[in-house]
Amino acid sequence: MQRTILDHVEPVAEGTVSLVLRAAEGPLAAWEPGAHVDLALPNWLTRQYSLCGDPADRERYRVAVRYDPLSRGGSEYVHLFLRTGRTLEVSLPRNNFPLLPAPEYLFLAGGIGITPLVPMLAEAVEAGASARLVYVGRSAATMPFAADLQATYGDRVRVYATDDDGRPDFAALAAGLGPRALVYCCGPTSMLDAAEAAFPSSRLHIERFRPVAKEFGPDEPFDVRCVRSGRTVPVAAGESVLDALTHAGYPIPSGCREGVCGSCEIAVVGGEPEHRDDIGAPPGRMYCCVSRASSSTLDVDL
Ligand code: FES
């Protein structure tokens with residue numbers, strides 16, 4: 001974890017504040033557009049936020065937090081209780097949504113989903129790519145950074161306030177893309193679903209805040225063998241690998257506990273993991289808050 005001081009809290013839209021976190025001891029870890037951090041809040045909750053500042057600024061991280069009326073305590077705490085000057089622990093940046101090289105980009109943002117796309121658009125423009133942003137929200141007042149983005153990037157940015165403008169036509173956007181264009185989309189589930197229906201999966205990159213509903217067979221118990229320490233940890237049906245390992249004394253970091261953030265990644269060296277996350281675990285890794293085993297034992301590098 002990295003120690004930071006909350007330097008600045010600023011409303012950036014109706015219901016959304018921007019937090020600027022200043023390094024408390026030495027430069028902050030480098031990051032690339034699309035990265036997020038886990039923010040350890042003083043009320044013992046940990047929440048994930050996309051970095052939306054300047055990657056070249058190693059003294060500050062910037063994130064934006066929308067107040068969620070269904071808050072499980074994270075956004076509510078940030079909006080009601082967090083004050084400047086507070087010391088906050090922040091994880092190293094993690095990037096499940098990296099910007100791949102391309103000559104053309106279409107960025108699709110819905111509401112607070114704009115945050116990872118702000119530095120992506122900047123990098124794409126800096127690289128000389130053809131880059132456009134389509135930014136959708138209920139009303140202009142609720143859309144963080146909309147005015148700044150329009151002022152900076154002009155015609156590259158098209159804002160749809162759905163109360164007045166309706167919704168963008170994704171099929172028309174897809175038809176207008178060049179053959180090597182990539183599409184990056186972050187927003188509510190309905191927008192991600194519409195993007196998946198309109199754009200070929202080979203060129204679409206999405207980041208989810210919420211897991212996709214999936215069906216699996218009944219959970220079976222299995223054993224996790226921790227090969228470095230030589231211990232075997234039983235995982236009961238209905239228990240997560242993360243909980244079993246944590247209760248056995250292995251301090252696995254965790255954030256979302258829903259398979260969307262990547263905090264709980266562990267290395268698998270034997271057995272058959274059953275991946276249930278929404279990130280796409282790289283070979284030899286698994287996200288142990290949701291993923292299980294389809295074999296009777298799973299060997300992990302712990
Ligand atoms: S805690 Fe977020 S993916 Fe496991």
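Counting convention: from 1, in listed order, for ligands and their atoms alike. One-based numbering along the sequence shown.
Using a 4.0 Å cut-off between heavy atoms, Val290 makes no contact with ligand 1 at all.
Using bins of under 30°, 30° to 60° and over 60° for the plane-to-plane angle, the ring pair Phe107/Tyr105 lands in the parallel bin. In this pair, Tyr184 and His205 present their aromatic rings parallel. The plane angle is below 30°, not in the 30 to 60° band.
Metal site remark for atom 4 (Fe) of ligand 1: Cys289 contributes an N, O or S atom at a distance under 2.8 Å. One of the N, O or S atoms belonging to Cys264 lies under 2.8 Å away from atom 4 (Fe) of ligand 1.
A cation-pi arrangement is present between Arg276 and Phe216, with the terminal nitrogen or guanidinium carbon under 6.0 Å from the aromatic centre and inside a 45° cone about the axis.
Crowding of Arg58 atom CZ: a count of heavy atoms from other residues, nucleotides or ligands under 6.0 Å exceeding 12. Within a 6.0 Å sphere centred on CD of Glu89, heavy atoms belonging to other residues, nucleotides or ligands number more than 12.
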Using atom types as modelled, flag every donor-acceptor pair under 3.5 Å from a side chain in residues 46-56 to any protein atom, sequence neighbours excluded.
unit_1	atom_1	unit_2	atom_2	d
Gln48	OE1	Cys256	N	3.4
Gln48	NE2	Asp38	OD1	3.3
Asp54	OD1	Ala56	N	2.9

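Close contacts between ligand 1 and Gly259 involve ligand atoms 3 (S) [criterion: under 4.0 Å to a heavy atom]. Short contacts between ligand 1 and Cys256, defined as distances under 4.0 Å to a heavy atom of the residue, involve ligand atoms 1 (S), 2 (Fe), 3 (S). Atoms of ligand 1 found under 4.0 Å from any heavy atom of Arg257 (numbered from 1 in listed order, with element): 1 (S), 2 (Fe). Heavy-atom contacts of Val260 reach the following atoms of ligand 1: 3 (S) (cutoff under 4.0 Å). Interface atoms of ligand 1 facing Cys261, defined by a heavy-atom separation under 4.0 Å, are 1 (S), 2 (Fe), 3 (S).
Summary of contacts: the protein heavy atom closest to atom 3 (S) of ligand 1 is Gly262 N, 3.2 Å.
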Arg285 vs Glu265, salt bridge (charged side-chain N to carboxylate O under 4.0 Å, His left out): CA-CA, chis, key distance, verdict: CA-CA 6 Å; Arg285 321 291 292 185; Glu265 180 178 322; 2.7 Å; yes
